[in-house]
Every structure is written in structure tokens, then in C-alpha cells.
There are 2 protein chains.
Amino acid sequence: MGILPTTKKIKVNKGDVLLKQGQITKYGYLVETGCLKSYTLDNNGKEHILQFAPENWMISDLDSFTNQIPSVIFIEAIEDSEVAFISKSEFNEISQLEKTELIEIATKFRNNLIATNKRVIGLLSATAEQRYIDFTLLYPTLVQRLPLKLIASYIGVTPEYLSEIRRKLSKK
Amino acid sequence: MGILPTTKKIKVNKGDVLLKQGQITKYGYLVETGCLKSYTLDNNGKEHILQFAPENWMISDLDSFTNQIPSVIFIEAIEDSEVAFISKSEFNEISQLEKTELIEIATKFRNNLIATNKRVIGLLSATAEQRYIDFTLLYPTLVQRLPLKLIASYIGVTPEYLSEIRRKLSKK
DNA sequence: GAATAAAAATAAGATACCTTAAGAAATGAA
DNA sequence: TTCATTTCTTAAGGTATCTTATTTTTATTC
């Protein structure tokens, strides 16, 4: 995928942090192998996952990247991964992109927005059990691949409660 | 706003429904005066508001509009409003847009995505009280303008509970 | 492959938020 | 103004989900 210019490529180990809350980021990250996550820490130090980025997904703090303001999220490898960097300087002003690049990026933003809107609807209207079922349908490979506690954090429940949900579902 | 081609313009009355769940929409709506909302109905018939669109905001079911699939949301006027239509046929393939239009639309999607990501973070990590406070800071004019029950639906609580939150906050 | 650490399961008690219901206040219609 | 409708408030009881703690299972390291 992707005609967006990438600068360097690096290997990162599970647990490595690529972006910290408060930092201004110059990069978007394109995952080639492995998986990253983005998350916030709330007042109680609890982690809340905004996004998983397995192979061929991009991940960044878009607001920090675009507007050069402090990030509200952390980005961290949850598996050993290979990551390509999309540099702010080469990608800087949206107005300097080629038409094909503009189409690609507008389509990416649009599809991401559609998916994120669905997530908001789920968070507003569905029970935790239904959100978990929806997650398994939408990301069947991630369900196999990710530890329960990360999925719990993504759908907005505690690991203990997701464990209970799974037990309940397995009895059906 | 801006340079996207609009076809017709109509007046709608408070309560008028412009798009129903299940319909495939040909339009995006640009609000010139008044205010619209988009929302879903859950299994229990409860309304959950995805978006408010006051003056100069666009509102649509982007997935239905883009991919010509049944809408998951309703769009309805919550005030008497004047609304311009952005027609699917003139706006059809993203690849047929001018470069300036592409820049405009990519920027719109991006900014909308940034805002929606913030909303997801709030829904995952903040209490109802904090989400209400955040709403008042982000949309101070809407807080004055909208009935409590619509704000409650947007932040994801019942009107009764938001009423309790307001009472508690007013005591501080 | 034992030792250690991390993740998951289970369970009891706590709390944020919901449901239902009724009355008060505000809004709109005639 | 008066009546009717909608919105808001208040309160009691209920439920989904959380917190804390302990045990079991799985993964990691030397």
C-alpha cells in the first residue's frame, strides 16, 4: 500500500514506546510487520486503547502530527515490529501533495472516519457484551492474536469483566 | 461551507426527518441556519446522538453516501432550518474532484477524524460528569441552545442522570 | 526445564449509572 | 390566558460494570 513517502524504517521490540503523551510528533508510522497500539492514560493511570495497528496499518497522533501540538496519546509496540516512518517534513502541507496522493489520503481519512463513527455509536448504544461480539466480527484475526486485556481496554471494560463476558458467551 | 457543489436548498421544520435508517442517501446536508442532528435508535428504541449540525456544519451518513449502502442513522431537524444539499451525483467519485476541492475535503475529513478520536477517548476514559464538562467547554453555544435531553443523548447518559450531574455541579 | 513473571479466571463487595414513576416547570397552541 | 404537551427535576430501587483480592494458567527467562 501506499505512495506516501516514507523516510526510514526501523525494527522495534515489544514494549518499545515510539511516542509519548506530551511530545510533538514529526512522524506517522506505517506498520510492515508486527503490531502497535495507541492509548491514553487517565487520571488513575489506567490505559485506554484508541487504536491497534497490525500489518499495513498507519498509526499516529493525527492532531499532534498535523498541528504540531503535544500528543494526547502514547504509541507502543505490542509485538516485535518493523515500522516505516512517514516524515512530517515531506508530507507537511496537505496543499503540496500530488493529486493521486490527495485522493489516497482523503480516502484513508474518510474510511477511518466512517469506522470511528461506528465505534462511537457502539460505545453510546451497545452493552459491553455486544461491543465484544462486534469486535470479534470486525477483527477476527486480532481476537486470536491479542491478549484479552488489550481487547478489554479497546472496547472499554476491565479485563476481569471481559473475562466474565467470555465465560458467559462460551456457555451459550 | 465552501466550494463543494450544492444543488438545491430547502427550508425544513423542527421535527422533519431528512434521512431514515435503512435508506440509501444521495445527499450530504449543509446547514445554513438552524440545527440538525444525526442519531441511531437501539434495540430498546432509545435514541443515541452521533452529531449536531448547527450553522455551517455538514451532516450525512458518510458510509451510506459514499458506498451507497443503507444508512445506520436518522437525520432530523431540531430547529426550523435552511439546508443546502450536496448531491451524490456531482460529488460522486472522489477522483473527479479538483485539487482545491480535494484539499478542502481531505482537511474536513482529517479535522472531523481528530475530533471524533477525541470523543472516543472521552467515552473510554472519562466519567459522565467529565464528559458533560468537556461538552460545555467544546460547544458552549450548543449548551445554551439545546435541550438537556439531547445533550444527555450525545454524551451517552440518560436525561435523568444528566439532570443529577447538573445539580451536583451547581452546588460546587 | 525449573523458576519467575505476566495474564487470565473467579468471586465478593462497591459504585456509577439506569429504570421507573411522579410532580414541577417550561413551552407551545388555541 | 388557559389548556395541553414537552421538558426537567427528584427520588427509590435495580443492574451493569468496577475494584480488590486470590488462585490458576500461560508465557518468558536463565
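Within every chain, numbering begins at 1; the chains are lettered A, B, ... in the order of the sequence lines, protein sequences first and strands thereafter. Values below: every heavy atom of this structure, side chains too, minus hydrogens, waters and symmetry copies.
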Check your understanding: Whole-Å distance between D:dT7 P and B:Y161 OH?
Key -> 23 Å
Exercise for review: Inspect the contact between B:E47 and B:K37 and indicate whether a charged nitrogen and a carboxylate oxygen are less than 4.0 angstrom apart.
Suggested key: yes
Check your understanding: Taking the six-membered ring for Trp, are B:Y154 and B:F52 parallel (under 30°), tilted (30 to 60°) or perpendicular (over 60°)?
Key -> parallel
**Study point:** B:I165 CD1 - C:dA16 P separation (whole Å)
**Key:** 11 Å
Exercise for review: Can you tell me the distance, in whole Å, between the NZ atom of A:K168 and the P atom of C:dA9?
Suggested key: 16 Å
Practice item. Establish, with yes or no, whether the OP1 or OP2 oxygen of D:dC18 is under 4.0 angstrom from a side-chain nitrogen or oxygen of A:T158. Key: yes
Practice item. Using a strict 4.0 Å threshold on nitrogen-to-oxygen distance, state whether B:E55 and B:R145 make a salt bridge. Key: yes
Exercise for review: Decide whether a cation-pi geometry holds between A:K20 and A:F74; the criteria are a distance under 6.0 Å from NZ or CZ to the six-membered ring centre and an angle within 45° of the ring axis.
Suggested key: no
Revision key, fill the gap. Regarding the side chain of B:L148, the nearest nucleotide among D:dT9, C:dC18, D:dT7 is D:dT9
**Study point:** Integer-rounded Å distance: D:dT17 C1' and A:R167 CZ
**Key:** 14 Å
Check your understanding: What does the inter-axis angle of the helix from C:dG1-D:dC30 to C:dA30-D:dT1 come out as, five pairs per end, nearest 10 degrees?
Key -> 60°
Review point. How is B:E160 classified with respect to the nucleic acid when contacts are heavy atoms under 4.0 Å: base, sugar-phosphate, or nothing?
Key: base
Check your understanding: Taking atom P of D:dT17 as reference, at what distance in whole Å does atom CG of B:L123 sit?
Key -> 14 Å
Check your understanding: C:dA8 phosphate, OP1 or OP2: any side-chain N/O from A:S163 under 4.0 angstrom?
Key -> no
Check your understanding: Does the pair A:E32/A:K9 count as a salt bridge with the N-to-O cut at 4.0 Å?
Key -> yes
Check your understanding: Salt bridge between B:K11 and B:E82, side-chain N to carboxylate O under 4.0 Å?
Key -> yes
Exercise for review: In whole angstrom, give the distance that lies between atom CG of A:D42 and atom P of D:dC18.
Suggested key: 12 Å
Review point. Taking CD from B:E129 and C1' from C:dT15, how many angstroms apart are they, rounded to a whole number?
Key: 14 Å
Check your understanding: Phosphate oxygens OP1/OP2 of D:dT19: is one of them under 4.0 Å from a side-chain N or O of A:K46?
Key -> yes
Check your understanding: Is the closest basic N to carboxylate O distance between B:D63 and A:K118 below 4.0 Å?
Key -> yes
**Study point:** Residue closer to the 5' end of DNA chain D, A:A128 versus B:L146 (nearest nucleotide)
**Key:** B:L146
Review point. Which sits closer to the 5' end of DNA chain C, B:T127 or B:K14, going by the nucleotide each is nearest to?
Key: B:T127
Check your understanding: Rounded to the nearest Å, what distance is computed from the CD1 atom of residue B:I78 to the P atom of nucleotide D:dT7?
Key -> 11 Å
